[in-house]
Amino acid sequence: MPHTASRYLVEGPRVGIRHITYEDGAEFTARARESKELHQPWLFPPDSADAFSAYAGRLIEDPTKAGFLVCEKGRGAAGDGHRGDAAADGAIAGFININNIVEGAFLSGALGYGAFAHAAGRGLMREGLGMVVRYAFGGMRLHRLEINVQPANAASIALARSCGFRLEGFSPNMLYIDGAWRDHERWALTKEMIRK
């Protein structure tokens with residue numbers, strides 16, 4: 001069921017961000033199934049009720065994680081190229097998670113994200129990621145965010161770059177994904193680097 005703008009933590013011209021809930025399971029898993037071709041071999045979001053429940057539970061209950069959904073606003077409004085379907089308002093366009101949140105002197109977190117196929121290439125994730133970054137540096141009081149991306153994942157690298165992240169390094173065999181240890185580029189952003 002679409003969610004109203006009043007539930008958004010932050011909202012921009014086209015999207016709002018809000019925390020993930022257990023009630024998002026049906027829409028999230030349907031979108032994940034529709035988006036397999038887009039996501040693989042880079043990521044594997046949960047596409048069943050049980051997998052989503054475990055995934056959402058980690059993001060909701062673990063204080064070292066935060067899960068956000070990027071939701072479309074006003075889809076179907078005049079001039080946006082979509083038919084006038086008010087039910088699409090609040091549709092989940094993608095997800096952004098902050099993992100490995102460390103407090104104290106580090107004040108850091110690691111970002112992971114994915115767009116769903118119906119929203120890919122429309123700039124919605126760029127807007128949503130910008131809002132999550134500002135929220136992390138504001139309300140969450142973090143100082144540094146990292147994105148670790150497989151070098152051949154051009155779309156993910158382009159999104160990181162477009163939001164002001166800088167390439168800091170290369171980590172061989174960093175994460176175990178799809179049956180193998182994968183190399184990753186490390187992109188980072190600190191609060192001081194935010195574009196005003």
Side-chain angles (χ1 to χ4, degrees), residues 17 19-20 24-25 28-70 92-121 124-126 128-130 132-133 136-137 140 142-191 193:
I17 60 166
H19 287 293
I20 194 168
D24 294 311
F28 189 103
T29 56
R31 300 237 183 248
R33 288 188 299 272
E34 294 166 0
S35 304
K36 280 187 190 279
E37 188 174 315
L38 173 67
H39 290 157
Q40 294 175 4
W42 315 116
L43 70 152
F44 299 82
D47 62 0
S48 71
D50 288 344
F52 179 82
S53 181
Y55 169 80
R58 288 189 299 272
L59 293 170
I60 293 167
E61 297 169 23
D62 184 340
T64 67
K65 300 181 186 311
F68 302 92
L69 295 178
V70 177
I92 300 171
F95 56 94
I96 301 170
N97 302 327
I98 305 178
N99 300 298
N100 306 324
I101 297 170
V102 179
E103 295 182 348
F106 200 30
L107 293 175
S108 179
L111 289 172
Y113 49 76
F116 289 123
H118 75 282
L124 302 176
M125 287 300 290
R126 184 182 190 286
L129 182 57
V132 168
V133 165
F137 289 153
M140 294 178 72
L142 296 179
H143 176 257
R144 175 184 167 83
L145 294 170
E146 259 186 37
I147 298 171
N148 293 289
V149 183
Q150 293 178 59
N153 188 344
S156 189
I157 289 170
L159 178 57
R161 184 180 285 124
S162 74
C163 288
F165 285 76
R166 68 175 174 227
L167 179 62
E168 284 194 341
F170 179 79
S171 302
N173 298 321
M174 182 183 178
L175 294 173
Y176 193 77
I177 298 173
D178 196 25
W181 288 98
R182 308 290 178 180
D183 297 342
H184 281 70
E185 291 181 358
R186 188 176 59 260
W187 292 76
L189 183 68
T190 60
K191 189 173 183 176
M193 295 167 57

J.: Tell me, with the steps shown, if Asp178 and Gln40 meet side-chain contact (heavy atoms from CB on, under 4.5 Å).
T.: CA-CA 9 Å; Asp178 196 25; Gln40 294 175 4; over 6 Å; no
J.: State whether the side chain of Ser162 and the backbone N or O of Leu159 hold a donor-acceptor pair below 3.5 Å, judged by distance alone.
T.: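 Looks like yes, one N/O pair under 3.5 Å.
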J.: So, do Phe28 and Phe116 have ring centers that fall under 6.0 Å from each other?
T.: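 Yes - the distance between ring centres of Phe28 and Phe116 falls below the 6.0 Å cut-off.
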J.: Where is the tightest heavy-atom contact between Phe170 and Arg186, given as atom of each residue plus distance?
T.: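 Nearest pair, atom of Phe170 first, then Arg186: N-NH1, 4.3 Å.
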J.: Please name the pair of heavy atoms, one in Ile96 and one in Val70, separated by the smallest distance, quoted to 0.1 Å.
T.: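 Scanning both residues, the minimum pair turns out to be CD1-CG2, 3.7 Å.
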J.: Check whether any side-chain heavy atom of Trp42 lies under 4.5 Å from a side-chain heavy atom of Ile177, and answer yes or no.
T.: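 No, every pair of side-chain atoms sits at 4.5 Å or beyond.
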J.: Give the C-alpha distance, both sets of side-chain angles, the deciding distance and a yes or no for side-chain contact (heavy atoms from CB on, under 4.5 Å) between Cys163 and Arg126.
T.: CA-CA 7 Å; Cys163 288; Arg126 184 182 190 286; 4.0 Å; yes
J.: What's the separation between atom CD in Gln150 and atom CE in Met174, rounded to the nearest 0.5 Å?
T.: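 Answer for the CD-CE pair, Gln150 versus Met174, is 11.0 Å.
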J.: Can you name the closest pair of heavy atoms from Ala136 and Leu145 and give their distance?
T.: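 What the structure gives for the nearest pair is CB-CD1, 4.0 Å.
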J.: For side-chain contact (heavy atoms from CB on, under 4.5 Å), just list the numbers for Asp183 and Asn173, CA-CA rounded to whole Å, side-chain angles, deciding distance to a tenth of an Å, and then say yes or no.
T.: CA-CA 5 Å; Asp183 297 342; Asn173 298 321; 3.7 Å; yes
J.: May I have the step-by-step check of side-chain contact (heavy atoms from CB on, under 4.5 Å) for Phe95 and Ile20, ending in yes or no?
T.: CA-CA 9 Å; Phe95 56 94; Ile20 194 168; over 6 Å; no
J.: To the closest 0.5 Å, what do you measure between CG (Leu124) and CD1 (Ile92)?
T.: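 Between Leu124 CG and Ile92 CD1, I get 13.0 Å after rounding to 0.5 Å.
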J.: Short question: side chain of His39, backbone of Ala115 - any donor-acceptor pair under 3.5 Å?
T.: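 A pair under 3.5 Å: yes.
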J.: Would you name the heavy atoms of Ala32 and Pro46 that are closest together and state the gap between them?
T.: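 Smallest heavy-atom distance, with atoms named: CB-O, 3.4 Å.
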J.: Do Ser35 side-chain atoms and Leu38 backbone N/O form a donor-acceptor pair below 3.5 Å?
T.: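 Absent.
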J.: Can you run down the salt bridge (charged side-chain N to carboxylate O under 4.0 Å, His left out) pairs that involve residues 144-155, sequence neighbours left out, and say none if there aren't any?
T.: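 The answer is Arg144-Glu146, Arg144-Glu168.
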J.: Quick one: CZ on Phe68 to CD1 on Ile98, what's the gap to the nearest 0.5 Å?
T.: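 The distance works out to 4.5 Å.
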J.: Just by modelled atom types, is the Thr29 backbone N or O under 3.5 Å from a matching donor or acceptor in the Asp47 side chain?
T.: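 Side chain of Asp47 to backbone of Thr29, a donor-acceptor pair under 3.5 Å: no, none is there.
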J.: Could you give the distance from CG (Leu167) to CD1 (Ile147), rounded to the nearest 0.5 Å?
T.: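 The CG atom of Leu167 sits 11.5 Å away from the CD1 atom of Ile147.
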J.: If I take atom CG from residue Leu111 and atom CH2 from residue Trp187, how far apart are they, to the nearest 0.5 angstrom?
T.: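 Here the rounded value is 14.0 Å.
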J.: Hey, could you give me the OG1/CG distance between Thr190 and Leu142, rounded to the nearest 0.5 Å?
T.: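 It is 12.0 Å, given to the nearest 0.5 Å.
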